Amino acid sequence: MPFTILPPAPAIPFNHPHHYAASDNDSLSSADEMDIDTTTARPTKRARLSRSLVTPGETVTSDPQWMRGHGTYIPSDSTSIVSTVAGTVLKTNKLLSITPLRARYTPEIGDLVIGRIAEVQSRRWRVDISAPLLGALPLSAINLPGGILRKRTAVDELNMRAFFSEGDLLVAEVQSVFADGSASLHTRSLKYGKLRNGYFMAVSGLQFGYRARGGEVDVVLGVNGFIWIARHVEQAKDVAVTRLEESVSLSIYSSQNDEIGPQTRREIARVAGCIRALVEAGARVDEDMVVRAYEASLELDFETEGREDAGGEFLGGEKGKRIVEMALGSATS
Amino acid sequence: MPLDTSTYSLALLRLDGRRWNELRRIHAQISTQAAADGSSYLEMGNTKVICTVTGPAEGRRTAQGAGQECRVEVEISVAGFSGVERKRRGRADKRTQEMQHTLTTAFSSILFTHLYPHSTIILTLHVLSQDGSLLAACLNAATLALIDAGIPMSDYLCACTAGSTANEDTDEPLLDLNGLEEQELPFLTAGVLGDSDKVAVLMLETRVRVERVEGMLAVAVDGCKRVRGILDAVVRAHGRRMVEEGV
Amino acid sequence: MPREAELSLNEREFILQALRENVRLDGRAFDDIRELQLSFGDEYGVADVRLGKTSHNPFPDRKFDGIFTISTEFSPMASPAFEVGRPTEAETLLSRLLEKAIRRSSALDTEGLCIIAGLKCFALRADVHVLDHDGGLVDAACIALVAALRHFRRPDVRVEGENVTVYSVREREPVPLSLLHHPLCVTFSYFNGGEVVLVDANLVEEQVREAEVVVTMNRHGEVCQVAKYGGLPIDALALLNCTNVALAKVQMLDKVIQQRLEEDAKRRDKGGLMAELNGDTLHKDDDRLDRTTDWLAWVSEWIEKAIGLTVGVVAQRYAVRCMGVSEGGTGRGKARARALEEGEGETVRAM
Amino acid sequence: MPAPTHSQNGYTVIGAVNGPIEVQRRDEIPDEAAIEVNVRPATGIGSPKERHIEHILTALLRNIILTHDYPRTLIQLTLQILSVPATHSTLPSSSSLPILPALINTAYATLLAGSIRLSTTLTAVLVAVPKSELEAVAQKGSSHVFAFDGRGEAVLVHSEGKKFEIEEWEQACEAARGCVLG
Amino acid sequence: MEEFAIYTRFSAPPPCQAPRSSSPATPSPSLLFSSHTTKPLTLGPGLRHIPPSTITAALSGPLHTDPRKNALWIENNGGRYIPVQGDLVICSMHHSSVDAYHCSITPYTAPATLPQLAFEGASKKTRPVLAPGALVYARVSVAGKHMEPELECVHPGTGKAEGLGPLKGGMVWDVSLGMARRLLLPASKMREQGGLVLLELLAEKVRFEIAVGRNGRVWVDGGCEGDAGGGEGGRGDG
């Protein structure tokens, strides 16, 4: 029986000098056109599109008009701004900074994050939000059962574990950032608080925090790359301040899951599968991508209804790729 | 076993058919492990290393005052099957400890550690196969993984080895030694910062005339710059892929 | 365990500022080495080195299982930060550097230690004791070790076929080790961006330095070892320059050691004779006699040398202990030998 | 910290004391100081023999040092044997007596130099029957180490060697007291 | 060994009149007791009293007596500093907690607490910010063998700093405890109690600022390094 010997995998072809030149050029030439398209603090789609990619040690510009921002430094012996990370150049007015391709989450005020309780200390919790340092959630920054207006008592300080204990998941907002870069969180809103009835995932390099709703499930995308997919619970609409007491009952701190129907579980699994497919394909994970992917998966299942290559509920492998393609297609169209 | 390098002076070709100034094939990938904050896989010839970066994350609180910069911890584990004959290396192996110390000190002076007060960056390296230039491979792999983790650094830290042929009359420098050559020839490992001539790491462990050091160092520094070019291309290729797919 | 005491900000700033103004706190020039005090003990191979306040004394000692090992152990005497039984990183690096400087550069030719190829040979064990720590550990340890090796004398042996007779110091003048070259370490420390380079920094200077380079050379201008573990990147040419400076320093140090050795030899000449006269000759019951030793060998030995029985017995005991380990005589030596084999990074070719 | 050196019976020992310093939680004693003695041989690494000697010394010094003046601290004493007489190698490896007086006296000198508060003085000698110590230790007779405090009371007694009569021992004790207290 | 042992045992009232003699020896007991039977006997460092009436030395060193104060102590300039209430010390900031700095007085010992409000004019709003490793000249406010020492940089009564507080710039040198004690002696007692004229002499030559800590640390700040280097010289006289 004939057989063939495969040649060894060739080294990835590099024509790096050309890359070098190219990138250097546009990093400098595309300066003006950059100004226009990236004026927000957070990188927009266009910003990520901009092809000006720099790597550590590369001189971004020697033009003294720019101020150096994150991801850059100015060597002691020169005035030119040098990149310290691999990423895309971002210019805000005269501020020049580099957004790394991928990096640990750095907290900023107002971020929607999902965290896991790491320690319980006196009058505060330490929360793992996958940042360089653990975040702090002061006892004073949570809704106490029995209403926001209620004063915090010594009893609360004693049984803090009744609210959050080690390992609990919560969704919170970054209230302030300390000098050393660690975040202080708060859950003083009905949107925030302890998480239950759902499924946790972690992906890297999310840019935005979202609360989305697909079908019967709520999806919370934390800026810090943590994702929570849970059974949808009806929020009490326009709660009158007087009726807050009821809404903020002890139940919000219970760790017991409610009854979740098999259908809901399937939905949750589907959303999770979509997100996983997006991550595997290296595609962006944000609200509309998740929604598109979710719809795509439904569509795909509808098409392949009853065919034997339906592939069941599993959204990985080929099926996953198709879904991503469809999602991207619908995104660009 | 003694290996015959005398043929070199005739053919000017080395055992693996390279010329004196040729690097071995360098193949590298980054973000190979999804779980880690940053990761890389690097081959220099038959020396193969995997590196993963965890952090900066809050480490054990050491109550000492000087917690203003983040600590860099390095753990190198050499696989038993990596060498020619199977050898189990314990934690206490001084050579490995020395390499760990080298990486720690090298990177804590190149990374911008002051940006992450009292946190810790953990570098974990696994040596899958060794055929010379082990320290250099570890340094390069670590550099890539740290870039992938998006940790600010002043520039690439690229390393390679350089040796010098034993016969005294014509002592010619050789670039990037493989395992056999390392056993036979005096050599040094140099780690250079970016495109500069600044040497961050320099290790010479064999006895050699002082005159020959200069040639070796020059070749090594030049080699490091070429390595930088290659690694940089890897980072860029990966970066472009991310940027395009990010759409 | 308490950590090493840290330097106060004021001290750091002061020292650096002083260096910027070309002042070194102990008034030395940048490339000065602290005065080297080297003295030898009564027994062969004990050297006491004092470099500033740092002091060492290694002590090579016979053991009979064919390895040359260097053991460095910090004691709390040098600093409470050193914990007994738990090697600190500094300790590991020190032993590693000595390893490379002395052993891998084959300063000691281990063939010279061999008595009968593959059967019997001496083993040399150097213990480096750090008594005080004022910086420049590596340099001091290396000087001490080399001095001790050059000072050390191993007992003379005579081989007849399979039988080995090891002569006590009183019988035959012991023979020096065969050293191929004398490597010495010089440590360079770099400050404020590599502009200031110091030779032989003391402890406080070490605590504020930005980079260090350890260069090991011998006086023939051979580099045995160069180690720059990271730290501040230094320009390649500056590094090359280090080797030239190091060479000068090494030659200087080598002279000092040579001189001390000669002085010691003179002193010993008188002393040696005295020892010969009033050396106490013990008579021991030979309950620890070993079957492996050939009686005829030493009896004939004894006759031809026509020395006192007691000394003969002493010689006998030496022979016994010589083979003791290989025959499983004194267990500890053997166990330690094994431990060493496993412990070392690269295994030493034993016997 | 000062480091006195002391020689006796051909053994030279250098000592250093650190204390009172921070003690590790596990060996902290609420109302007195923990005492740590490290005896380091001239060659090789510490063996059970050294551990044994350390144990003896720790027990002895605990009575001499006013440990209650330094609660919850550590007094760390390091004794480095610098040189041993050539005849040392001929002694049975088990015998720990000949070195003991040198260690004890160095320890005492070190504590004084380190200004550690002591309750009394301490002096130790090696006595052998018959006279020549080395002969004795080489199992030709018995050898004894006596340590006395300021009041001339024996605070440490260790004996080794072949069996000996009680009279012998008493003679030895008297001889020791004589040579210590003059 | 004997030269180390300078131990004095005597019981009061003294059985005999010992001859007047300087250290190291037994002082004349009459000095101590005959004159001041009313005044209580005060025991200084290095001595310990074993009830009912035995006084023994616990350290080695010359024995000093002060008939006027009816005091008795042993001069000793070695060893590790042990905090005593009221002593002035130079310590370095180790780490800070919510409301206190933790400073190390001597290396390898548990840090002492220095309340962040124990500075002149310090309040919740205005408190000195000390980085780890910063030097502080402070007074031991609380000390005892059973408790962690506490420090203060302000006089509790007047609320004035009186020269205490953070030490900026300069350089510290380690000297023996005895040297530190002698440097701290007021000029009046110079002669009889072995105080030093060193500083006065130096002051004539160069302008410098100096702070001496009983814990054997001397902080010197001259105009430039050369001057402060002079402190190095002074250290030799210890």
Side-chain angles (χ1 to χ4, degrees), chain C residues 1-30 32 34-35 52-54 74-84 86 88 90 130 132-135 191-192 195-196 198 201-210, chain E residues 80-81 89-96 101-111 114 128-138 165-174 208-211 213 215-236:
Chain C
M1 211 54 200
R3 292 173 334 280
E4 192 55 76
E6 281 154 13
L7 226 50
S8 73
L9 292 176
N10 306 52
E11 290 167 277
R12 288 180 178 279
E13 185 39 46
F14 186 86
I15 293 163
L16 289 176
Q17 182 57 35
L19 287 175
R20 271 183 230 112
E21 303 181 4
N22 298 348
V23 178
R24 227 171 142 172
L25 290 197
D26 46 15
R28 281 184 287 160
F30 281 178
D32 271 4
R34 286 170 285 184
E35 192 205 353
K53 274 193 287 169
T54 304
F74 290 2
S75 74
M77 186 176 286
S79 150
F82 301 147
E83 195 167 354
V84 184
R86 188 181 308 164
T88 59
V130 180
D132 200 345
H133 181 12
D134 186 24
F191 299 83
N192 61 44
E195 287 163 19
V196 177
L198 297 189
N202 61 23
L203 186 56
V204 284
E205 287 165 341
E206 279 185 4
Q207 281 173 308
V208 299
R209 73 181 161 199
E210 297 167 35
Chain E
R80 176 173 291 268
Y81 174 73
V89 293
I90 294 176
C91 54
S92 66
M93 218 287 263
H94 185 275
H95 66 279
S96 68
Y101 293 117
H102 300 268
C103 309
S104 73
I105 300 178
T106 58
Y108 314 118
T109 50
L114 169 61
V129 182
L130 298 181
L135 286 179
V136 184
Y137 194 34
L167 296 172
K168 298 271 185 305
M171 179 63 178
V172 289
W173 314 99
D174 291 347
F208 64 93
E209 195 181 349
I210 188 166
N215 57 337
R217 312 198 78 192
V218 176
W219 172 86
V220 185
D221 189 11
C224 73
E225 277 57 39
D227 298 358
E232 168 82 331
R235 172 187 175 201

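Throughout, protein chains are lettered first and strands after them, A, B, ... in sequence-line order, and every chain is numbered starting at 1. This structure is a prediction, so every number in the text was calculated from the model and none was measured.
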- Value rounded to 0.5 Å, distance of CD in C/Glu11 from CH2 in E/Trp173: 9.0 Å

- When you measure from the side chain of C/Asn10 to the backbone N and O of E/Met171, does any donor-acceptor pair fall under 3.5 Å? no

- Please state whether the side chain, the backbone, both or neither of E/Ala131 comes within less than 4.5 Å of a heavy atom of chain C. both

- Heavy-atom distance under 4.5 Å to chain E: side chain of C/Glu13, backbone, both or neither? neither

